[in-house]
Amino acid sequence: MLTLIETNNLCKKYGKAVCVNALNLRVPEGAVYGFLGPNGAGKSTTLKMLLGLTRPTCGEIIVFGRPVTEKERIRLLRDVGSLIESPSYYGHLTGEENLRIVQTLRDRPAREIGEVLALVRLSQAKDQQVSQYSLGMKQRLGLAAALLGYPKLLVLDEPTNGLDPAGIQEMRELIRSLPARYGMTVVVSSHLLSEIDQMATDVGIIANGSLVFQDELHRLHERSAHHIALRTGNNVLAAELLGQEGVPCRAAEEYLILPPVEDGTLGQCSTLLCRRGIPVLRIEERQKSLEDIFLDLTGGTVSL
Amino acid sequence: MMTALRMEIWKSRRRWLWLICAALLAVELLWIFWAFHHPGEQDRQKGWLYLLYNMPLLNGVLFPVIGGTLASRVADVEHKGNTLKLLETLQTEARLFHAKLLLGMLYLLTIVVLQIVMILGMGVFYGFYGRPVLLDYVQYALFLFTACFAVYAFQLVLSMTVKNQVVPLCIGLAGSFIALLLMFLPYPLPRLLCGPYGFFGALSLVYMKDWNRDTRIFQLVRIPTPWGSFAVLLVWMVVIYLVGRIVLHRKEL
């Protein structure tokens, strides 16, 4: 599969503070790439560097197989739609007038304005001045501007900000449908794992400016393996006995962690421990949630 | 480039930019009415030169504020709606800067033409003696337009760079005081060095002499065209343009 965005050792420093550190992104064509990270991890800075709005301190960015240089930037960005941080708009103009600017600068047919307005459900409010729009409507107008020209690549930075739950779901479904409907590749950043989990096919996790995970989303799910947690009256002796029976286990706090064994095996273990006078206090089936994995990967010191 | 300019004109809808220009012309018109409310023989005789002497003074005081306001209105639309991060994915920052300069140029050209029409109209209305010297008024228009454009370009760079528009507007206001003060200085050098503000006076084509405090009689003399000062102004414009390009290019969003 073709890689649409590739960065090699991408860095951004502000003075001595390292904002993005040796980032090697790989965004495959046709993917919805979830760019996930806690607040301040460097997501927006990375996306701005991809669009040439911020200059990298070092490293290389390759989009559509071509390096993004000062000279090539605008030509490459003809096929890229973007919505970075808060939506961009002219409050004194109507929604349609706002889109007319993007349509003209992109040199696209005027009919596309109506199409993208319908896509984001803003047709009714197209003649209203944007200063009177709610935050959610402004966000949808920003998405409409990004969609104008049906670009090959869509870069969306926290696109669900300011939307109500219904709007979030609608936006999510729209983003998910874009690769199939228009052949787009979407890079969507968020600090909410659940959001990325519901719409991405691929995921990159950034923490403190470094990429800590990058792969297809199901690979992240694979990390959430089941295990059995067992608490006894004497964990040390119990671990020794279970080991002799061929059930490997390791101690974790007040529990013994066992692999996901069959019910029958677990029953035998329990009986064995009781016979040897070791009381079984608690047996739990555990699964690592995506949140746990995310927190493990990002150091767990930041809020989601 | 024309597309970018068309978009700037489009963006200026409902921004009432023409009102700023109209305000400048209205104040100047009121001043002419006040200055000539009872025109005497001397006023009619010297009318054409008198206007050529006074209008640069008036422009020097008013224009830094008007130019600052115009530039601020043109630049502020981008700050208010965070549109630079969208626009700079569609066009280079240089193209945007050029389009905004051209938009200002259109408004300034309109101001200059209307001011000349206003002056000529008032001269006819008050029955000034003789005919205006066409070449003088052509040179006046050229100098006024260039000085206005230099101030506008300087203010535009400030307004594009600084988000808080109070800063460039205060600088414009200070420029207006600077322009006024510099006109009282007998030496031309400070006028040429204090940014683009001092050129309204420095490019005046008429000089007042032999002013009598008691009789209030004075002489107005057409001085040689100050091409040297004009050349310095052109250098200032190049400097402002280059600094603007560099500053806007380096600016990260």
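Letters A, B, ... mirror the listed sequences (proteins, then strands); counts begin at 1.
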Does [atom1] in [X] sit with more than 12 non-hydrogen atoms of other residues, nucleotides or ligands closer than 6.0 Å?
X      : atom1 : value
A:D107 : CG    : no
B:W227 : CH2   : yes
A:R176 : CZ    : yes
B:F177 : CZ    : no
B:M2   : CE    : no

Can you tell which part of [X] gets under 4.5 Å to a heavy atom of chain B, answering side chain, backbone, both or neither?
X      : result
A:Q129 : side chain
A:R78  : neither
A:R55  : both
A:T45  : neither

**Donor-acceptor contact below 3.5 Å, side chain A:H92 vs main chain B:S12** =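 Not at all, since once roles are kept as given, no pair shorter than 3.5 Å links the two residues.
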**Prompt:** chain A contacts: which residues in residues 238-253 of chain B have a non-hydrogen atom closer than 4.5 Å to it?
**Reply:**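 Checking residues 238-253 of chain B against chain A gives B:H249, B:R250, B:E252, B:L253.
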**Request:** State the OG-CD distance between A:S82 and B:E88, to the nearest 0.5 angstrom.
**Result:**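 If I round to the nearest 0.5 Å, the distance is 11.5 Å.
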**Request:** Could you tell me the separation between the CZ atom of B:R14 and the OH atom of A:Y90, rounded to the nearest 0.5 Å?
**Result:**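 Answer rounded to 0.5 Å: 14.0 Å.
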**Prompt:** Is there side-chain contact between B:T89 and A:V80, with heavy atoms separated by less than 4.5 Å?
**Reply:**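 Answer no - side chains too far apart.
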**Prompt:** Under a 4.5 Å cut-off applied to non-hydrogen side-chain atoms, are A:E85 and B:N82 in contact?
**Reply:**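 A side-chain contact under 4.5 Å is absent here.
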How close do [X] and [Y] get, counting heavy atoms only, and between which atoms?
X      : Y     : answer
A:I101 : B:K11 : CD1-CG, 3.6 Å
A:E97  : B:W10 : O-NE1, 3.1 Å
B:K85  : A:S86 : NZ-O, 3.3 Å

**Prompt:** Between B:L84, B:L86, B:L90, B:T92, which shows the greatest number of heavy-atom pairs under 4.5 Å with chain A?
**Reply:**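 Heavy-atom pairs under 4.5 Å are most numerous for B:L90.
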